[in-house]
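Okay, so here's the structure we're looking at.
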Protein chains: 2
Amino acid sequence: MKVEKVYMTKEAKELVNKDNLFKQSYDEVVASICSAVWPMKSKTFKINNSQKNGNGVVPVKELCYAMLEDTYNWYREKPLNVLKLEKKKGGPIDVYKEFTENFDIKRVGLEFETGNISSAHRSMNKLLLGLKRNEIDLAVILMPVYELSYFLTDRVSNYEELEPYFEITEGKPFIYIGFNADSFDSSVPLIPKGKDGMSKRSIKKWKDRIENK
Amino acid sequence: MKVEKVYMTKEAKELVNKDNLFKQSYDEVVASICSAVWPMKSKTFKINNSQKNGNGVVPVKELCYAMLEDTYNWYREKPLNVLKLEKKKGGPIDVYKEFTENFDIKRVGLEFETGNISSAHRSMNKLLLGLKRNEIDLAVILMPVYELSYFLTDRVSNYEELEPYFEITEGKPFIYIGFNADSFDSSVPLIPKGKDGMSKRSIKKWKDRIENK
DNA sequence: TATGGATCCATA
DNA sequence: TATGGATCCATA
């Protein structure tokens, strides 16, 4: 996969340009999404472009998650304290890592969005809440660009459709990353839809880290 | 239907409490949602509570829209200029009215949310964008409370699930209204799902108003 | 039961 | 084609 479009708010640019830990977090996210391939044995991500909305989305995230968790030690499903402690409703942040150097700690929250585009708005709002409550220091949203989403399940999140709303996060350290397939090829297998594509790899959850302490 | 939970940001309270036009807009929304009934000939809204997620949602909005449009002259599908003029992606605001008195004009945007809860986040963000660009002066979101949503299509928007995110709109004039059925009754018909419930009533669109000028 | 998601629909 | 929505799924 390749990164095709990136938008950083002014605040995010500052962090990434001037701080090594934030720079590292950004680089890890980019390296992880770039590591995704299709078909499984391929060295690049080729998408079957023979039919609009022909491919499912579930396997798309697998290799990226694997690299974030296994290579870079990010954690999955970090609950927001604001929701947990105040007994409010709401689920965890998708992917999370604390970068430390001496006594410095930088917390980065990432949402990998392949759900319905409306779901990307919830992700934005969740990350906004995390920033507002000072539970993360940088927010990142990863999603397909339009050109790729055209061949995935109808109405999945895509960079271009969320773009008009980027300005809502002005003043906050927010990064939006749009990725695309490396190539389009009508001869590669379609990515299966439904549960067929579910991976069984056990995920590296924040909860488990906490409990094992 | 009855209004069961209401949250107004400080800014919204000020507007509604101190300004007759804003007060009127709020009253019209409340009167309209309260006018919804089920079954069709009934005088109140009775929901079949015999099975979780048993009822569809489409017909729920019909009477409310009808009253807003026909009795109170609200318009449907008002495009945001920020999206239209700047050629950005994005659809219109669901319901809209300009209240005028002498040279005073108050613009109210309303989203009636019965889609997936994630869709309510998009509605929030769209209204935020409208406020930010000074295209509306007050934002309102109408949705079922949890107790009612339990008997509607799985995962529809509900007041309680959006509630933790209300604080994102702090500092903006925002009103959240949660409505509930008047009673629960396992003998009334289930509200049909799918296209069966579609009404054919032609809606009062902002576009048409503009074009008829 | 709670929550993020995946999928396909209806209409303009 | 574009966009909001409606519906049901998978997992904890």
Side-chain angles (χ1 to χ4, degrees), chain A residues 52-61 76-77 79-80 83-84 87-95 111-123 125-126 143 146 149-150 152-158 160-162 164 191-200 202-203 205 207-208, chain B residues 52-61 76-77 79-80 83-84 87-95 111-123 125-126 143 146 149-150 152-158 160-162 164 191-200 202-203 205 207-208:
Chain A
K52 180 172 192 294
N53 305 136
N55 298 276
V57 297
V58 174
V60 169
K61 335 162 93 161
R76 299 290 305 283
E77 306 189 2
L80 283 179
L83 300 177
K84 211 74 181 175
K87 288 196 184 136
K88 290 186 180 174
K89 283 175 157 271
I93 288 187
D94 189 19
V95 198
E111 295 274 340
F112 192 152
E113 265 294 333
T114 56
N116 189 291
I117 175 70
S118 64
S119 188
H121 287 268
R122 174 173 49 208
S123 291
N125 289 167
K126 179 168 294 180
M143 61 203 148
Y146 177 82
S149 72
Y150 188 84
L152 302 176
T153 298
D154 191 22
R155 308 301 292 120
V156 297
S157 297
N158 64 90
E160 289 82 352
E161 191 168 352
L162 194 62
I191 302 172
K193 288 185 178 182
K195 62 184 173 184
D196 301 339
M198 299 301 281
S199 155
K200 265 76 196 170
S202 76
I203 71 175
K205 290 197 183 162
K207 185 170 82 67
D208 303 330
Chain B
K52 179 173 193 291
N53 306 136
N55 298 276
V57 296
V58 174
V60 169
K61 337 162 89 158
R76 299 291 305 284
E77 306 189 4
L80 282 180
L83 300 177
K84 211 73 181 174
K87 286 198 185 135
K88 289 186 183 175
K89 283 175 155 271
I93 289 186
D94 190 21
V95 198
E111 294 274 340
F112 192 151
E113 263 295 332
T114 55
N116 188 292
I117 175 68
S118 64
S119 188
H121 287 268
R122 174 173 50 207
S123 291
N125 290 167
K126 180 168 293 179
M143 62 205 146
Y146 176 82
S149 73
Y150 188 85
L152 303 176
T153 298
D154 192 21
R155 307 303 291 119
V156 298
S157 296
N158 64 90
E160 289 83 352
E161 192 168 349
L162 193 62
I191 302 172
K193 288 184 176 184
K195 61 184 177 185
D196 301 339
M198 299 299 283
S199 154
K200 264 75 194 167
S202 77
I203 71 174
K205 290 196 183 163
K207 186 170 82 65
D208 303 330

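Bear in mind that the values here come from a model prediction, so they are computed numbers and not experimental data. Below, chain A is the first sequence line, B the second, and so on; all start at residue 1.
- Here C:dA12 presents its P atom at 11 Å from CZ of B:R76, a figure rounded to the nearest Å.
- One finds a side-chain N or O of A:S119 lying less than 4.0 angstrom from the OP1 or OP2 phosphate oxygen of C:dG5.
- Among residues two or more places apart in sequence or in another chain, the salt bridge (Lys or Arg N to Asp or Glu O under 4.0 Å) test is passed with B:E161 by B:R155.
- Between the base of D:dT7 and the side chain of B:N53 there is no donor-acceptor pair shorter than 3.5 Å.
- Close to C:dT1, at under 4.0 Å from its OP1 or OP2, lies no side-chain N or O of B:K52.
- Between B:K126 and D:dG4 there is a side-chain N or O to OP1 or OP2 distance below 4.0 Å.
- Between A:Y150 and D:dA2 there is no side-chain polar atom (N or O) within less than 4.0 angstrom of OP1 or OP2.
- Put simply, the side chain of B:H121 reaches to within 4.5 Å of the side chain of B:L162, judged on heavy atoms.
- At a cut-off of 3.5 angstrom, counting only N and O atoms as typed in the model, there is a donor on one side and an acceptor on the other between the side-chain of B:R155 and the base of C:dG4.
- Among the atoms of the strands shown, none is found under 4.0 Å from any heavy atom of A:S118.
- Residue B:E111 is out of contact with every strand shown, counting any heavy-atom pair closer than 4.0 Å.
- A:S118 is linked by a side chain to side chain donor-acceptor pair (under 3.5 Å) to A:N116, B:S118, counting only residues two or more places apart in sequence or in another chain.
- Closest contact between the side chain of A:N116 and the listed nucleotides D:dC9, D:dG5, D:dT1 involves D:dG5.
- Contact between the side-chain N/O atoms of A:Y146 and the OP1/OP2 oxygens of D:dT1 is not found at any separation under 4.0 Å.
- Looking at which nucleotide of DNA chain C each of A:F112 and A:D154 is closest to, the 5′-most match is held by A:F112.
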